[in-house]
Structure formats: structure tokens, C-alpha cells
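Quick notes on the structure that follows.
Chain identifiers are assigned alphabetically (A, B, ...) following the order of the sequence lines, protein sequences preceding nucleic acid strands; residue numbering begins at 1 within each chain. These values consider heavy atoms only, across backbone and side chains, with no hydrogens, waters or symmetry-generated copies. Since the model is a prediction, treat every value here as computed from it, not as a measurement.
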2 protein chains.
Amino acid sequence: MPKGIEATLLSAVVEGRIKPGHRLSENQLAEAFGVSRTLVREALTRLEARNIVMVKPRKGWFVVEPSAEEAAEVYATRRILEYGFLINSAPFTAAQIADLQAHIDEERKAVDASDKTRLTYLMGDFHVRIVKQSGNATLVETMRTLAARTNLISLRYQSEHNALASHKDHVEIFEAIARGDMKTAARLSFEHLEDVEAGIMIDTSPDAIELLKNTLRLDEAPNGRG
Amino acid sequence: MPKGIEATLLSAVVEGRIKPGHRLSENQLAEAFGVSRTLVREALTRLEARNIVMVKPRKGWFVVEPSAEEAAEVYATRRILEYGFLINSAPFTAAQIADLQAHIDEERKAVDASDKTRLTYLMGDFHVRIVKQSGNATLVETMRTLAARTNLISLRYQSEHNALASHKDHVEIFEAIARGDMKTAARLSFEHLEDVEAGIMIDTSPDAIELLKNTLRLDEAPNGRG
DNA sequence: CATGTCAATCTTGTATGCAAGAGAGATGGC
DNA sequence: GCCATCTCTCTTGCATACAAGATTGACATG
């Protein structure tokens, strides 16, 4: 199974089992998967192409820690994509609405259980699920990659409060879709992602030092001294 | 320069020097670039992640020949992305408009020179250039990949007539942007891509046998006999 | 002449070996 | 005690060797 490694790593990232900044050792992964470094590197290369991991030369592979700027870019792209999709989409069928309803129920359960990790995953999957109704694999894949990156952003910056607010937004978006009001759904989706993005900028960081290092572009800058 | 190979191959594809279905030999590329197969495979893997090339196991790497279904997906995604961007974009600045004007002029030159290959490239680059004004690297990269795939589609299906019609559409879109009417620009862009997609379905194929094979999913289907 | 078979060759798939940069810790000088 | 330096180890970077499927052509056989 050639793509097993990539899929496994992606799942771990999306489900929050591997966090932003985590180092991924080629040797360890090779041993864990029972293959040589070659296949591990292939999988990591693919994930790098999707901006999920990055390599620091001779230092190691790391799950990306999106900067505030990158975060803004990803959210802006998602806004554009989701708005463009919903505003031009025909009203959903009953089956499609039921699918989204099931998702909302799961989100609710995760909220009640205060399962933050699962909630973070579900937050992104909601939008993937919306787009999935189009049957457009290209669109879904694009959204899935953006959602994965958003997850990394959320895990790094987002507070529980925002996660809860996001869930409420999702409910509203769902309700608009359910009553066939795609225009409102598109607007709500756009505003929702704007809110989330704005929330990121003012949130306190879980690790001030790490955030500072990233903000100052330490670690990666080759111009160590002027 | 680790990414030189990928960029070089992508350029060749985007500029139409390598056509859909073309086989890319690891050995030949390795010799051409003066490196080992390892780096070539890395570049091809990245391009595969972007749906620009594909590998048939033990047979070789090939520039993708998008099926009609894939073509529809790519165009639909571009429609969504471009509409969503333009409709939510502030009016462009004079400098931004000038940048697009320069592009339109180049398109015009290619039309006059009947330079179909260059025109195909410029057709995609127009939309990349629009999105570039956002300064959003994520958005630009997404659009660039979609544009590259669209180029492959155009090279395979699109007639000169459609290329010319597309240029006229671009002029109209540009004029709407230039006068700050983003709503009209968004609508025109959406309709334009709908027209192009519709055109693909009725166009005659440049190679009926190849098209048939693709339609019937030969070559790639593992279920050779039932 | 038609056809099935076998071998040579070409392709990618994967593992492995070696080079070289980066970092940590010991060690020596002060 | 403090600091520089050196070495040892760990990391990825890249090339290469070998495995194994796919194809093509020769060639024998009917």
C-alpha cells in the first residue's frame, strides 16, 4: 500500500494526534511502518506539497506551524471557495441535508463531551462534507487539504470559546442550507470564517515563546546575524 | 536547486512543450538534469500530488490526459474559486489594472500571431494574474495548479475557435474589473468558464482512439476481464 | 503464413550505502 | 566557574544496486 503512509500521517495530523511543530523522524517512521526511508520520504514529500509538513535541511521534518500570515491566507482561500460554492449551488436534496444533519449532531456530541480534539477535526470536516455533496473530487481534495491546514492553525491558536462559537455558526449555516437559502448560507459561511480568522489574531498563544520565535522567523532564517 | 526539476517540468507542461499523454522517463530526465533518478522521482511525485503527471506501475510516468469528467471538475472548481474571489474583492488599484492590461495586450498579440500554444498558456495565466493581486500565495498556488491542469485539458480538447472566444471573454472580464464592477466581472468569469466547459463536451477530439480508450477507462482499469 | 512461447530489455519499486551538515556533550584551557 | 573547541552522533541528501513487472522481438511450431 504505497499511499498508506501519507494517509496515516495525514489522519494523525487531522485528528490532532500529531501537533504542529512535531518532528517526524524518517528512521522512526521507517521502522514503525516496516519499510525503508525511501517510502517514508516519498510520503513526506507528498505531504510537503500539500503544506502539511516541511523539511528543514539536515535538521528534520516537522509538522508545519502556520504563521499568522499563512493562517490568514488559508482562511481567505476557504472563504472564497466555500462562498463561491454555496452561492452557486442548487438547494440540497433531502439526503444531502440528512448527511449534514448527522454531522451537526456529531459536533453537538463533541461539544457536550468537551472533546476539543474531536471538535477541531469535526469543524474542518463540516466544510469538507458540504463540498462533498457536489461530487467534485478535485474540489473536495482542495478543501480537504485546506481543512487539514486549518486544523493545524486551530490546534495552535484557537481557544475553546472560539470552537464553541464556530459550532453555533455551523448550526446556523446548516439551517440556512436545510431551508434551501443558499445565499444566506454562503454569506454566513463567509462571515463565520472571517470571525474565526479575526479570533486568531487576538487569541493568546498556548506557548508564547514558540509563537514569538515563529513571529520573528527564527529557526528558519539563514541570516543568523547581520 | 531541489525544486528546479519540478519547476522545469511544470513550465514545459504549462507552455505546451510537453503534451498530455507524453511519457516521462526517469532515466532520461535523470541524464538530462545531470542527477540520479532519486531527485527525478521526487519531482515527479510532487507533480503527481498536483495531478499534473501520473504513474502507471512498472510502465512509466505520463503527463495526465484529463478525462471529460476531470475536466468538468477542474472547470467547476475554477468557476467557484474565481467567482468567490472577484465577488468579494475590493475594486482593483490602478497598478493592478495596468498589470492586467499588460496581460490582455499579450493575449491580443498571441491572437494576431495565431500562436495557439502561447495563447493556451496565456489563457490560464490571466486568471492566475487576477488572483495574484490578492497577495495570497495559497490562493495563487491553488489557482496555478488548476490552471496547469486546465492547460492540459485545453491542449487535448479545445479548438482554436474556443481559444479566440475565450480571449474576447477575457477582455470583457478585464473591462468590468477596470471600471470597478467586480460583480459583473465575477458573473462574466463564471459564465466564461461555463462556456469553455460546455465547448469541450461537443468538440471533436484530436485523436478519436485515445479519447475512446480514456472514455472506456482502458489502460488504467485493473479489471481486465470479468 | 499465423501463432504461441521464451528471452532480452526496458521500465519503475524499494532498499541500502555513503556523504555531509547540525547539534549536543565532553573536554581542555583559562 | 566559564567558555571555546572538538568530537561523536544524529539528521537528511543523494546516488546506486538490485528486484520484479511489462513489453517487444525473435524464433520455433503448427
Could you tell me how far apart [X] ([atom1]) and [N] ([atom2]) are, to the nearest whole angstrom?
X     : N      : atom1 : atom2 : value
A:F33 : C:dT14 : CZ    : P     : 14 Å
B:F62 : C:dT11 : CZ    : P     : 11 Å
A:W61 : C:dA22 : CH2   : P     : 17 Å
B:E31 : C:dT11 : CD    : P     : 11 Å
A:Q28 : D:dC10 : CD    : P     : 11 Å
B:E42 : C:dT12 : CD    : C1'   : 17 Å
B:L24 : C:dT11 : CG    : P     : 12 Å
B:R41 : C:dT11 : CZ    : P     : 14 Å

Is it true that the side chains of B:H170 and B:H103 contain a donor and an acceptor less than 3.5 Å apart?
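Per modelled atom types, B:H170 and B:H103 side chains form no pair under 3.5 Å.
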
Quiz question: by atom type and distance under 3.5 Å, do the side chains of B:T45 and A:E42 form a donor-acceptor pair?
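Absent: no donor and acceptor within the cut-off.
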
Starting at [atom1] of [X], measure out to [atom2] of [Y] and round the result to the nearest 0.5 Å.
X     : Y      : atom1 : atom2 : result
A:L10 : A:I5   : CG    : CD1   : 13.5 Å
B:E73 : A:S134 : CD    : OG    : 8.0 Å
A:E65 : A:M54  : CD    : CE    : 9.0 Å

So what does A:L44 hit on the nucleic acid, given a heavy-atom distance under 4.0 Å: a base, only sugar-phosphate, or nothing?
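Touches nothing.
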
Can you build the contact string for nucleotides 15-22 of chain D? Use B for base contact, S for sugar-phosphate-only contact, and - for no protein heavy atom under 4.0 Å.
BBB-BBSS

Quickly, which of B:L146, B:T145, B:V64 forms a side chain to side chain contact (heavy atoms under 4.5 Å, CB included) with B:R50? Name it, please.
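Among B:L146, B:T145, B:V64, the one meeting side chain to side chain contact (heavy atoms under 4.5 Å, CB included) with B:R50 is B:T145.
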
